[in-house]
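Quantities reported herein were computed from a predicted structural model and do not represent experimental measurements. Start at 1 with the first residue, then count along the sequence.
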Amino acid sequence: MNILIVIPARIKSSRLPEKPLKKINGRQLILRVLDACKPLIKKGVKIVVATDEKKILNLINQSNFKAIMTSRKCLTGTDRVAEVAKKIKANIYVNVQGDEPLINHRDIKKIIDAKKKFSDHIICGYSYLKKDEKEINKNIPKVVLNKKEELLYISRSLIPGLKKKISKKQKYLKQVCIYGFNKKDLTLFSSFKKKTYLENLEDIEILRFLEIGKKIKMIKLNSQSYAVDTPEDLKRVKKIFKNLKK
């Protein structure tokens, strides 16, 4: 079975411009993500960066990884993955976010294995919020699942909502942005020329699948990763890498 990891990396970000090129202890963010995925190459998994910027393309190619140019008109990272799927054939496409340099390759493998088992579902990761992550942080999408661990809803707001004051015992779940798709899933997703209603409101791309009735299987991961969305996130990740080096 052909497995392709696609890492979307766009140059424009309102919260952190030129994010993929920001350096973490001397190495660019996007290369840190590639380093995290690299162990899967030994298992026959292929990796490509999908970008809309020649500076990123050149950096990747000079670093002995593979990159491909995609349109600047892509609505989301998953639309960018769908564009790659038109050019490169694979049985399973894994969308690994280009802003999670601490992602664990074992978690990516879990998503691949889940897609093999639940081929009719979209696959996405989740974990508990870490102690230093605030549930009211709108940069962190929170998820609610049913008993089959399928996604009921995902929101930047606090869900599930509580009628009374937030209890310290209440455990919240967050999305871990590793997705598993097949070609049919991506063709369906990219057939929309604009974001769906809730997707646009929340600015969470996986809601497009939920809104059109596609089942989403959520896989519990042992993620210790932090997404780099803001300058503060970048400082935190730099500190973690510095400690890891020690």
Side-chain angles (χ1 to χ4, degrees), residues 1-10 48 50 52 70-100 107-108 110-127 138-161 172-221 227 229:
M1 186 172 281
N2 294 322
I3 314 295
L4 180 67
I5 292 174
V6 184
I7 305 172
R10 66 188 181 100
V48 66
D52 59 2
T70 49
S71 171
R72 292 196 173 185
K73 294 181 180 180
C74 290
L75 297 172
T76 68
T78 300
D79 289 292
R80 207 170 294 284
V81 176
E83 190 172 320
V84 171
K86 292 177 182 178
K87 301 174 183 179
I88 305 175
K89 290 184 179 180
N91 300 105
I92 294 175
Y93 298 87
V94 183
N95 181 344
V96 173
Q97 299 295 285
D99 59 6
E100 297 217 21
D107 283 339
I108 300 172
K110 283 185 180 180
I111 297 297
I112 293 170
D113 291 342
K115 185 59 179 175
K116 289 177 181 178
K117 186 176 180 181
F118 302 98
S119 59
D120 292 333
H121 286 65
I122 305 303
I123 308 298
C124 183
Y126 79 94
S127 69
K138 294 206 170 183
N139 289 322
I140 303 174
K142 275 71 68 177
V143 300
V144 176
L145 317 179
N146 64 17
K147 289 183 179 181
K148 294 180 180 179
E149 294 207 319
E150 294 170 340
L151 184 66
L152 289 174
Y153 195 63
I154 179 169
S155 178
R156 295 184 183 276
S157 298
L158 186 60
I159 56 170
Y172 290 92
L173 305 176
K174 70 169 184 175
Q175 179 191 33
V176 178
C177 292
I178 312 173
Y179 308 113
F181 309 115
N182 57 34
K183 179 73 178 288
K184 187 177 178 182
D185 301 330
L186 291 168
T187 300
L188 175 64
F189 188 88
S190 63
S191 67
F192 291 78
K193 301 308 175 187
K194 63 179 183 178
K195 293 183 178 182
T196 50
Y197 178 71
L198 292 173
E199 177 194 6
N200 188 52
L201 282 182
E202 295 271 13
D203 192 23
I204 301 174
E205 62 204 76
I206 203 167
L207 276 168
R208 194 184 305 181
F209 282 117
L210 202 63
E211 286 182 83
I212 60 179
K214 194 76 176 158
K215 288 186 178 181
I216 302 167
K217 183 74 174 177
M218 303 297 290
I219 305 301
K220 190 173 187 301
L221 305 176
D229 292 310

(Q) Tell me whether D52 is salt-bridged to K73, with the criterion being a basic N under 4.0 Å from an acidic carboxylate O. (A) no

Q.
Determine whether a donor-acceptor pair (N or O, by modelled atom type, separation under 3.5 Å) exists between the side chain of K184 and the backbone of D120.
A. no

Q: State the CZ-CD1 distance between F118 and I219, to the nearest 0.5 angstrom.
A: 6.0 Å

Q: Compare every heavy atom of P8 with every heavy atom of R80, then report the nearest pair and how far apart it is.
A: CD-CB, 4.1 Å

**Q.** Closest contact, heavy atoms only, V94 versus I108
**A.** CG1-CG2, 4.1 Å

Q) Which atom names give the shortest non-hydrogen contact between Y153 and E202, and what distance separates them? A) OH-OE2, 3.0 Å

Q: Assess whether atom NZ of K87 is packed by more than 12 heavy atoms of other residues, nucleotides or ligands within 6.0 Å.
A: yes

Q | Among T76, L198, N200, side chain to side chain contact (heavy atoms under 4.5 Å, CB included) partner for R208 | A | T76

Q: Identify the two heavy atoms, one from K115 and one from N182, that lie closest to each other, and give their separation to 0.1 Å.
A: CE-N, 3.6 Å

Q: Indicate yes or no: at least one non-hydrogen side-chain atom of N95 is less than 4.5 angstrom from one of V6.
A: no

Q) If every non-hydrogen atom of Q175 is compared with every non-hydrogen atom of I204, which pair is closest and at what distance? A) OE1-CG2, 4.5 Å

Q: Find the distance between OH (Y126) and CD (E149) and round it off to the nearest 0.5 Å.
A: 3.5 Å

Q | V84 and L4, any side-chain heavy atoms less than 4.5 Å apart | A | yes

Q | Closest approach of R156 to K142 (non-hydrogen atoms, all atoms of both residues) | A | O-NZ, 2.9 Å

Q) Of V81, I206, D79, which is the lone residue that meets side chain to side chain contact (heavy atoms under 4.5 Å, CB included) with F189? A) D79

Q: Let me know which of L173, V176, L151, L152 forms a side chain to side chain contact (heavy atoms under 4.5 Å, CB included) with M218.
A: L151

(Q) K89 vs N2, test: side chain to side chain contact (heavy atoms under 4.5 Å, CB included). Steps then yes/no. (A) CA-CA 8 Å; K89 290 184 179 180; N2 294 322; over 6 Å; no

**Q.** Interatomic distance, S190 atom OG to K86 atom NZ [nearest 0.5 angstrom]
**A.** 5.0 Å

Q) To the nearest 0.5 Å, how far apart are SG in C177 and CD in E205? A) 7.0 Å

Q: For residues K174 and S127, determine if any side-chain heavy atom of one lies less than 4.5 Å from a side-chain heavy atom of the other.
A: yes

(Q) Is there a side-chain contact between L221 and K110 in this structure, where contact means two heavy atoms from C-beta onward sitting under 4.5 Å apart? (A) yes

(Q) Could you check, using the six-membered ring where one of them is a Trp, whether F181 and F209 have ring centers closer than 6.0 angstrom? (A) yes

Q: Mind running side chain to side chain contact (heavy atoms under 4.5 Å, CB included) on D203 and K195 for me, showing each step along the way?
A: CA-CA 9 Å; D203 192 23; K195 293 183 178 182; 3.3 Å; yes

Q) How long is the span from the CG atom in D107 to the NZ atom in K220, to the nearest 0.5 Å? A) 10.0 Å

Q: To the nearest 0.5 Å, tell me how far I3 CD1 sits from I111 CD1.
A: 12.5 Å

Q. Is the shortest heavy-atom distance from the side chain of E199 to the side chain of L75 under 4.5 Å?
A. no

(Q) We want to know whether E83 and T70 form a side-chain donor-acceptor pair, criterion being a heavy-atom distance below 3.5 angstrom. (A) no

